[in-house]
Amino acid sequence: MNNKLRTRLLLILFIFGLGIYSLWPTIKYQLLSDTEKNNLSKDEVEYLEKNTIKQGLDLKGGIYIVLEVDLPQLVNNLAKNKDKKFDIFLNDLKDGYTNNSVDFFELFDSKATNQDLKLPRYFITYGKTKDQIIEQLQFEANDSINRIIEIIQNRVDQFGVSEPTIQKQGNDRVMIELAGIQDSERARGLLQSTALLELMIVKDVESTNTIIRQIDNLSSSENQIGIKSQNDNATNVGDLFSSDNEVNDLQFSSLLLGVGNDLAVDEENLEQLNSILSQDNVKQLLEATGSNFLFSNTSKTFLNDFGEEEEVYIIYHLANNAELTGGVIENAQVRLSQSGVTAGQPIVQMEMNSAGSREWARITGANIKKRIAIVLDKKVHMAPVINSQIFGGGTVIEGLDSVEEAEDIAIVLRAGALPVPVTIIDQKIVGPSLGADSVRQGTSSILIGLVLVILFIIFYYRMSGFIASFSLIWTLILLLGILALLQATLTLPGIAGLILTVGMSIDANVIIFERIREELRKGKTVRSAIDAGYQRAITTIVDANLTTGIAAGILYQYGTGPIKGFATVLFWGIVVSMFTAIIVTRFLFDFTTSRKNLEKLSI
């Protein structure tokens, strides 16, 4: 084998190996019985579930729900100085929008013009002209839907749904697919409930040290010493967990890490720590001391003493009762700082109502130099230090890494309550038996189609048909491997894309083989016929697949849900089928003809 062939072989083997490696977790997970899955460790199950090809709602079963945002009510909430004329306009707008499929703001513009409604009277803060006001109202509507999606995402994450689909649909609807969920009433309550925002004081270091020792004593079955006496005077939480101090093998404190001035828990120990906090005697202790432990909303990377990276969650010891709830926050917007060392950096400005402003001034005045945690759905998003008393209900969050982070924080702060009512206008429950039937029938259709195509191609092209069949099988393996690598969700349209890929792969081989036949009929040698056949066929194959790839891109860009799934499979099917048809089969022909001087090709 010459160097050129050897290089091509190594490239092909590497790609094939990567495909098998990516697909192996899916194969292993599907072959495991329920008993075997239960015997696996938590890490093994998480690894397999994370790297396996996900099944969509139509395959796995679950709940499909469409929420409709009440845009007329949103307009009513934003309007000021409302009078009888505005009430009549709003009622007409509601009736017209309910009975018509026209765009809401087109209808809003039309009715405002017909009724000669002076919009600046009611929306003076949004502009001086009708177009400016409507443009700003559209922005507020989009922002409201984004906030609703944020709230729903938070709820769904706590619900434990794997790979939920939450998408904006049109300009007033949110489509939600919860695969594997069958409890429709619980799902309805989840989606229509309001996210809870709380502002809670972080307990001081001494209180935290004390409660940790008490939990150790409660959760330990032996008489253990909590922390050496020299730690009693510690002024920094991190000092308790430094390498200079000795810590006994405690059930609670041994799971904690010192990360700066905060406590943290390794992601692997999170479940064990939660099990301790859920013990009845520990719950009673926390309730008696008026405190609680909550975790950060996301993990952070921590470099331990051995120089290894760990994913940890910050744990906060908080006062049990919230000082303020999200109901007092009227607005939170991203701004760029205009002064000081933070000039030009993104900040978040919060505004509260009058009652909240008075309470906020009292809280900040009484807790200067203390930290206050911003908690959404029992997860801490941040815990800044109160540097001074804040009057007027306005406050600023600084120290953010990017505009994107600032926007995320602003959305979280505004997500204390649904900004506008939503109603469930469509709900479908897909049973798991239907999903199982779909998987079985879809798999059967692929296998039957694959076998029939392979039999025909071998019968028609003889030995060359075996090369095409090898190419076809590896096309499917590589395509599934890519889907697993992308952590894609497979749906029925995706299965249709797999079947289409079978036809596209064979089509490319047929074009190449027919070109080779033409060259052989002209009297060329086997090597010359193969070279000329591939050279003439490649342009046709690239043109055909390029146009199909453009169509797949358009479907992915403008489609939703199942359409995107089909487009994803179609696009990668094109890429893989071209690779196997042009690169892999060419290598096999070149390898065969390089080993002996063939005078006749079985084609």
Side-chain angles (χ1 to χ4, degrees), residues 68-98 100-150 168 170-173 327-339 343-357 391-397 403-404 406-411 413-422:
E68 185 175 68
V69 179
D70 192 346
L71 291 182
Q73 184 60 44
L74 174 65
V75 170
N76 187 46
N77 294 342
L78 297 175
K80 306 294 183 182
N81 304 317
K82 291 175 283 188
D83 54 17
K84 187 174 182 180
K85 184 175 183 179
F86 182 83
D87 293 337
I88 295 173
F89 162 77
L90 190 64
N91 289 332
D92 290 343
L93 185 63
K94 289 180 180 179
D95 294 338
Y97 188 57
T98 302
N100 202 325
S101 60
V102 70
D103 179 80
F104 174 78
F105 288 101
E106 290 182 3
L107 183 64
F108 180 93
D109 187 0
S110 174
K111 288 193 173 294
T113 301
N114 293 338
Q115 298 184 21
D116 194 24
L117 193 71
K118 307 299 181 183
L119 292 180
R121 168 184 169 83
Y122 310 103
F123 305 99
I124 187 60
T125 57
Y126 294 118
K128 297 181 179 179
T129 67
K130 182 179 68 173
D131 291 340
Q132 289 176 340
I133 291 172
I134 292 178
E135 181 180 355
Q136 190 62 30
L137 290 177
Q138 286 178 317
F139 173 82
E140 293 290 343
N142 290 330
D143 184 65
S144 297
I145 293 178
N146 290 335
R147 290 158 62 187
I148 289 171
I149 291 174
E150 174 73 15
K168 183 179 177 181
N171 63 358
D172 65 344
R173 294 183 180 180
V328 302
I329 295 179
E330 291 188 329
N331 197 10
Q333 296 293 336
V334 178
R335 298 285 186 267
L336 293 180
S337 179
Q338 301 297 322
S339 61
Q345 296 181 5
I347 60 175
V348 176
Q349 289 184 338
M350 294 190 301
E351 298 177 4
M352 301 180 184
N353 58 28
S354 57
S357 298
F391 298 95
T395 189
V396 174
I397 300 175
V403 174
E404 290 75 16
E407 289 174 344
D408 292 342
I409 293 294
I411 289 175
L413 292 174
R414 296 195 302 267
L418 290 175
V420 61
V422 296

For [X] and [Y], work out which heavy atoms get closest and say how close.
X      : Y      : value
Leu107 : Gly96  : CD2-C, 3.5 Å
Ala112 : Phe89  : N-CE1, 3.6 Å
Gly356 : Asn353 : N-OD1, 2.7 Å
Lys128 : Pro120 : O-CG, 3.5 Å

Could you check whether any side-chain heavy atom of [X] comes within less than 4.5 Å of a side-chain heavy atom of [Y], counting everything from C-beta outward?
X      : Y      : result
Ile133 : Gln136 : no
Leu71  : Tyr97  : yes
Gln73  : Lys94  : yes
Phe108 : Leu119 : yes
Ser357 : Met352 : yes

Return yes if some donor-acceptor pair links the side-chain N/O of Asp143 with the main-chain N/O of Phe139 below 3.5 Å, else return no.
no
Okay, side chain of Ser110, backbone of Glu106: is any donor-acceptor separation there less than 3.5 Å?
no
Could you go through the side chain to side chain contact (heavy atoms under 4.5 Å, CB included) check for Asn81 and Phe86 one step at a time?
CA-CA 9 Å; Asn81 304 317; Phe86 182 83; over 6 Å; no
Leu74 side, atom CG; Phe104 side, atom CZ - distance, nearest 0.5 Å
7.5 Å
Rounding to 0.5 Å, atoms OG1 (Thr125) and NZ (Lys80) come to a distance of 7.5 Å
What do the steps show when you test Asn91 against Ile88 for side chain to side chain contact (heavy atoms under 4.5 Å, CB included), and what is the final call?
CA-CA 5 Å; Asn91 289 332; Ile88 295 173; 5.6 Å; no
Taking atom CD as the centre, does Gln115 end up with more than 12 heavy-atom neighbours from other residues, nucleotides or ligands that are less than 6.0 angstrom away?
yes
Ion pair present between Lys111 and Asp109, side-chain N to carboxylate O less than 4.0 angstrom?
no
Under the side chain to side chain contact (heavy atoms under 4.5 Å, CB included) criterion, do Asp83 and Arg121 qualify, and how do the steps go?
CA-CA 10 Å; Asp83 54 17; Arg121 168 184 169 83; 3.3 Å; yes
Side chain to side chain donor-acceptor pair (under 3.5 Å) evaluation trace for Gln138 with Asn142
CA-CA 6 Å; Gln138 286 178 317; Asn142 290 330; over 6 Å; no
Take Leu137 and Leu78, measure what side chain to side chain contact (heavy atoms under 4.5 Å, CB included) needs, and give me the verdict at the end.
CA-CA 9 Å; Leu137 290 177; Leu78 297 175; 3.7 Å; yes
